[in-house]
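Computed from a predicted structure; not experimentally measured.
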Amino acid sequence: ARLRFERLLDAPLNTVWQYLVDPDLRARWFMGGPTDPRVGGGYGLTMDHDRLSDAPVPMPERYRQYVGHSWQERITRCEPPHVLAF
């Protein structure tokens with residue numbers, strides 16, 4: 001199975017890369033988690049709705065069950081700053 005997740009971000013390429021590989025930055029727009037940015041390295045994902053915005057935003061009820069849910073993916077392709085696949 002394959003899931004392709006694309007976002008258009010209005011920022012320089014290196015800034016976008018940092019947001020992909022830095023867990024604290026990534027947590028501000030997607031999901032943070034421990035990251036080892038190399039092929040074979042881990043890519044942690046933790047659902048934390050409250051970190052997705054600087055202002056309080058109500059969580060949709062359908063996502064409440066996932067709060068705190070974490071898992072680890074394996075990086076399969078890493079070509080900074082152009083490609084990160086896991």
Side-chain angles (χ1 to χ4, degrees):
R2 180 181 289 197
L3 170 68
R4 184 178 180 123
F5 181 79
E6 292 185 32
R7 294 248 180 149
L8 298 178
L9 304 171
D10 187 18
L13 183 60
N14 287 324
T15 299
V16 173
W17 184 259
Q18 282 306 120
Y19 271 78
L20 287 172
V21 298
D22 182 302
D24 291 327
L25 294 175
R26 192 174 70 243
R28 297 192 59 175
W29 67 274
F30 183 49
M31 288 186 238
T35 302
D36 181 7
R38 61 182 176 82
V39 172
Y43 198 74
L45 298 163
T46 300
M47 176 62 176
D48 187 356
H49 178 82
D50 291 339
R51 293 195 67 186
L52 294 178
S53 177
D54 292 332
V57 176
M59 179 185 314
E61 191 60 40
R62 68 183 182 186
Y63 297 120
R64 191 167 306 283
Q65 64 183 325
Y66 301 110
V67 171
H69 182 77
S70 295
W71 66 98
Q72 186 84 4
E73 299 292 338
R74 192 69 40 213
I75 295 175
T76 59
R77 189 171 165 198
C78 186
E79 299 170 19
H82 300 282
V83 177
L84 182 66
F86 56 90

**Q** Distance-only check: which donor-acceptor pairs under 3.5 Å involve side-chain atoms of residues 72-81, not counting sequence neighbours?
**A**
residue	atom	partner	partner atom	Å
Glu73	OE2	Trp71	NE1	3.0
Arg74	NH1	Gly40	O	3.0
Thr76	OG1	Ala85	O	3.3
Arg77	NE	Glu79	OE2	2.7
Arg77	NH2	Glu79	OE1	3.4
Arg77	NH2	Glu79	OE2	3.4

**Q** Who passes side chain to side chain donor-acceptor pair (under 3.5 Å) against Arg51, sequence neighbours left out?
**A**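 Arg51: no side chain to side chain donor-acceptor pair (under 3.5 Å) contacts found.
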
**Q** Between Trp29 and Met47, is there shared hydrophobic-cluster membership here, with clusters defined by ILVMFWY side-chain heavy atoms closer than 4.5 Å?
**A**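 Trp29 clusters together with Met47.
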
**Q** Salt bridge (charged side-chain N to carboxylate O under 4.0 Å, His left out): which pairs involve residues 63-72, sequence neighbours left out?
**A** Glu61-Arg64

**Q** What pairs with Phe30 under ring pair (Phe, Tyr, Trp, His ring centres under 6.0 Å), at least two apart in sequence or on another chain?
**A** Phe5

**Q** Determine the minimum heavy-atom distance between Arg26 and Met31, stating which atoms define it.
**A**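 What the structure gives for the nearest pair is NE-O, 2.6 Å.
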
**Q** Using modelled atom types and a 3.5 Å cut-off, is there a donor and acceptor pairing between side-chain atoms of His49 and backbone atoms of Val57?
**A** yes

**Q** Show every donor-acceptor pair shorter than 3.5 Å between a side-chain atom in residues 16-23 and any protein atom, with sequence neighbours excluded, or say none if there are none.
**A**
residue	atom	partner	partner atom	Å
Asp22	OD1	Asp24	N	2.9
Asp22	OD1	Leu25	N	3.1

**Q** Under 4.5 Å between side-chain heavy atoms, hopping through other hydrophobics if needed: is there a path connecting Tyr66 to Leu45?
**A**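 Tyr66 and Leu45: one cluster.
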
**Q** Using the test side chain to side chain donor-acceptor pair (under 3.5 Å), find all partners of Asp48 that sit at least two apart in sequence or belong to another chain.
**A** none

**Q** With sequence neighbours left out, write down each residue that passes ring pair (Phe, Tyr, Trp, His ring centres under 6.0 Å) with Phe86, or none if nothing qualifies.
**A**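 For Phe86, the residues satisfying ring pair (Phe, Tyr, Trp, His ring centres under 6.0 Å) (neighbours in sequence not counted) are Tyr43.
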
